[in-house]
Every structure is written in C-alpha cells, then in structure tokens.
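First the structure, in the form of structure tokens, and then the observations on it.
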Amino acid sequence: MSTSMEQVARLLSEIPYIQANPGISVSEVAQVFGISKDTVKADVRVAIYCGLPGGYPSDLIDVDLDVMEDEEALYMNNPTPLGRPLRLSGAETASLQVALMAVRAVADDQVTETVDSLLAKIAGGLASAVDLRVSTGEESVREGLARAIRGAERVELTYDGHIRGTTTTPVVDATDIAVRDGVAYLTAYDVAGQGWRTYRLDRISSVRETGCSTVDHSGKPDPDSWSRSLAAAQTVRLHVTKEAAWITEYLPCLTWQAMPSGVTEVTLPVVDPVWLVRLLLALGPGVRQVDPDTSVVMAQDLARQALDVYTGLGVDEARLDGGTVIRR
C-alpha cells in the first residue's frame with residue numbers, strides 16, 4: 001500500500017521510463033522501481049487520467065491497457081511536457097549532497113572515488129553550496145579501520161575514553177562505521193569484554209593489526225539501540241544559568257523551560273552517572289540545582305581532590321574540564 005503522494009512521485013519517474021522503453025514488461029518495470037507488478041498496473045491505470053489541462057484525448061496519456069493485461073507489456077504515449085524524467089529539487093539535491101559527503105568522510109579510497117564522481121554529477125560543474133564537517137579523527141585511523149573491516153582482520157585500538165578519563169587498548173572485531181549527529185562511530189565486538197561496543201573515531205589514536213581474523217558474533221546492536229538506551233535511562237533535572245543553557249542545543253534533552261527566576265530547567269536522560277559528574281564539573285557555577293543530587297556529592301569530592309593536588313603544588317585554584325575554575 002502507498003499514499004497518493006508516493007504514487008504521484010512514482011508516476012513522474014515511471015511515465016518517462018516506460019515511454020523511453022516501449023514494449024517493456026510489467027515485471028521489469030517492477031524490478032527497476034522496487035515495487036510489485038500489481039502496483040505497476042495500478043499506477044498505469046491512474047496514468048490514463050493524467051496529462052495536460054483541458055482533458056481532451058490529445059491532452060491525456062495514452063496507454064494500451066489490453067496489451068498490458070493480455071501480454072503484460074507496456075506502451076505509453078504521453079504529452080511532450082512529461083517527456084523527461086523527474087529532476088531533483090534544490091532541497092533534495094542538498095540532502096543528497098549532505099548524505100554523500102557524510103559517506104565520503106568515513107569512506108576508504110575505493111568508495112571516495114565513486115562518491116566524488118556522484119558529487120560532481122549532482123553539482124553539474126558548479127561549486128557546492130553545502131559545507132559538511134564530520135568529526136572522524138585521524139586519517140590513518142580511518143584507513144586502518146577500513147582495511148580491517150574490508151579484510152575481516154582483528155585489530156587493537158588505542159582508545160581515549162572521555163567519560164572516564166582513561167586510555168584503553170581493546171582488541172576488537174570491527175564491523176562498520178556510521179555517522180550520527182556529525183560524529184563518526186565504530187561498531188565493534190570487544191573480544192576481552194565479550195560484548196558489542198561503540199567507539200568514537202576521533203578518540204581512537206591508533207589501530208594495530210593483530211594478525212588474527214575476525215569471527216562472527218551474534219547480537220549485533222541496530223543503529224537505533226542508543227535511542228532505546230536513552231529511553232530507559234534515569235531522568236535528571238537541572239537548573240542552569242544563561243551561560244550553561246547551551247546544553248539544550250548539544251545534548252539529548254527531554255525537556256527545557258525558562259523559569260521566572262531566570263534559570264532554565266532542563267531534564268536529561270543519564271545512562272552513566274560518571275558522565276553526569278563530568279558535565280557538572282564542566283558547567284561549574286552554571287548549575288544551580290540538581291535533582292536527584294547523588295551526582296553532586298561525587299562532583300564535589302572530585303573538585304576537592306583536585307584542589308588538594310593544587311594546594312600541594314602551592315596553587316590556590318584549579319581549572320577543571322570545560323574551563324571551570326574552583327577555589328577554596
């Protein structure tokens with residue numbers, strides 16, 4: 001089943017295609033457009049009522065319905081203005097450019113050549129008005145991962161984990177790279193941890209070949225699994241000042257609302273409490289209230305530990321992650 005808008009979009013491509021290939025079979029048209037034979041026939045029956053204003057026989061598309069039913073062959077004569085295929089609109093062209101540029105940002109040399117050719121055809125020799133920037137990390141890392149995926153080779157990563165502030169060296173079976181919200185992520189199976197993990201490419205500093213081949217692992221997460229994990233996460237409510245309200249534009253906030261007191265009330269899904277602690281330290285005095293406040297105690301303890309270290313060095317203040325300055 002399809003909507004009338006979907007059928008119109010199909011007809012704008014089907015009509016020129018059938019006209020350019022007189023006698024083409026119904027099954028071939030169905031295969032080309034990825035639809036069923038019944039859908040093709042239904043579209044053709046609608047096409048006979050389409051054409052130019054006026055509604056005279058010479059204005060409407062002429063289809064031999066008897067040949068279509070008896071021989072499953074299509075012959076179509078249509079008005080001249082419908083003689084060329086549907087062209088992309090400006091918005092559609094820009095969307096396709098963005099998608100291709102995102103693919104190019106994480107592709108290897110073989111795919112890049114194809115993508116560049118497609119981008120040149122879309123632009124038609126003109127400079128692109130689209131500028132896409134994707135955080136993909138070092139080129140050597142991308143190339144190493146591409147080779148590993150293409151050759152089914154197990155690799156060791158040097159990964160700088162931002163949330164916990166540690167560097168690890170997981171041995172993984174890499175499967176694919178995807179871009180979400182302008183950031184490239186690697187999906188891989190952690191051999192030691194025996195589970196699927198997602199790694200940001202810009203936090204992988206090196207990729208080392210192990211000389212071993214990958215194996216098949218079941219239970220690979222689908223691309224939308226992160227959204228379901230957020231749905232099941234704990235909800236935390238923050239009151240932030242104007243200087244910290246930027247988090248509503250960069251974090252997956254559930255709700256936000258300006259309060260009469262001048263602060264913004266924000267609700268966030270929190271999967272890892274350590275992530276929230278780091279956020280609180282980064283925002284510093286920009287946070288006025290946290291509910292529940294369990295992470296506040298952890299943030300205060302870390303701030304005191306940082307001050308103790310600085311005090312031992314003869315310094316009375318510390319600059320934490322995000323530029324926040326804490327003093328005794």
Side-chain angles (χ1 to χ4, degrees), residues 98-119 132-234 250-252 269-279 321:
V98 169
L100 288 170
M101 293 168 71
V103 171
R104 192 188 191 284
V106 296
D108 56 23
D109 293 339
Q110 296 177 355
V111 177
T112 298
E113 184 178 350
T114 302
V115 172
D116 287 343
S117 175
L118 291 173
L119 285 172
L132 176 68
R133 299 182 181 181
V134 180
S135 182
T136 60
E138 298 293 332
E139 183 177 356
S140 60
V141 169
R142 298 196 305 272
E143 292 177 350
L145 291 174
R147 286 195 302 269
I149 294 172
R150 190 167 55 246
E153 299 177 355
R154 182 170 291 177
V155 292
E156 180 186 81
L157 310 178
T158 300
Y159 188 73
D160 299 321
H162 179 70
I163 291 180
R164 299 188 181 276
T166 58
T167 298
T168 58
T169 55
V171 175
V172 302
D173 290 344
T175 59
D176 55 75
I177 296 173
V179 176
R180 293 196 298 270
D181 298 328
V183 178
Y185 295 90
L186 168 71
T187 300
Y189 187 87
D190 184 352
V191 178
Q194 297 185 351
W196 290 97
R197 301 288 186 270
T198 302
Y199 304 92
R200 282 183 58 141
L201 258 64
D202 57 357
R203 293 178 187 162
I204 301 175
S205 57
S206 66
V207 179
R208 185 182 68 85
E209 298 178 357
T210 64
C212 300
S213 299
T214 62
V215 298
D216 292 333
H217 303 281
S218 60
K220 179 183 176 181
D222 64 77
D224 295 326
S225 60
W226 68 275
S227 61
R228 288 194 293 272
S229 66
L230 289 181
Q234 178 189 18
Y250 289 89
L251 299 178
V270 177
V271 177
D272 189 342
V274 176
W275 173 85
L276 178 60
V277 170
R278 292 184 66 89
L279 177 65
D321 185 28

Cationic N near anionic O, under 4.0 Å, D173 to R154: yes
All ring pair (Phe, Tyr, Trp, His ring centres under 6.0 Å) counterparts of Y199, not counting sequence neighbours: Y159
Distance (rounded to the nearest 0.5 Å) between D216 CG and T175 OG1: 11.0 Å
Beyond-backbone contact of R208 with T158, side-chain heavy atoms, under 4.5 angstrom: no
Reported CG-to-CE distance for the pair L118 and M101, which is rounded to 0.5 angstrom: 13.5 Å
T187 side, atom OG1; R197 side, atom CZ - distance, nearest 0.5 Å: 12.0 Å
Non-hydrogen side-chain atoms of V155 and V171 separated by less than 4.5 Å: no
Taking every non-hydrogen atom, the tightest pair across T169 and E156: O-CG, 3.8 Å
Aromatic ring pairing H217/Y189, orientation class (parallel under 30°, perpendicular over 60°, tilted between): parallel
4.5 Å side-chain heavy-atom contact, R147 and E153: no
Side chain to side chain contact (heavy atoms under 4.5 Å, CB included) partners for T198, two or more places apart: R180, Y185
Side-chain heavy atoms of L279 within contact of V270, under 4.5 Å: no
For A188 against A174, the heavy-atom pair lying closest together: CB-CA, 3.7 Å
Spacing of L145 atom CG and L186 atom CG [to the nearest 0.5 Å]: 5.5 Å
S206 to V141 - nearest heavy-atom pair and separation: N-CG2, 4.1 Å
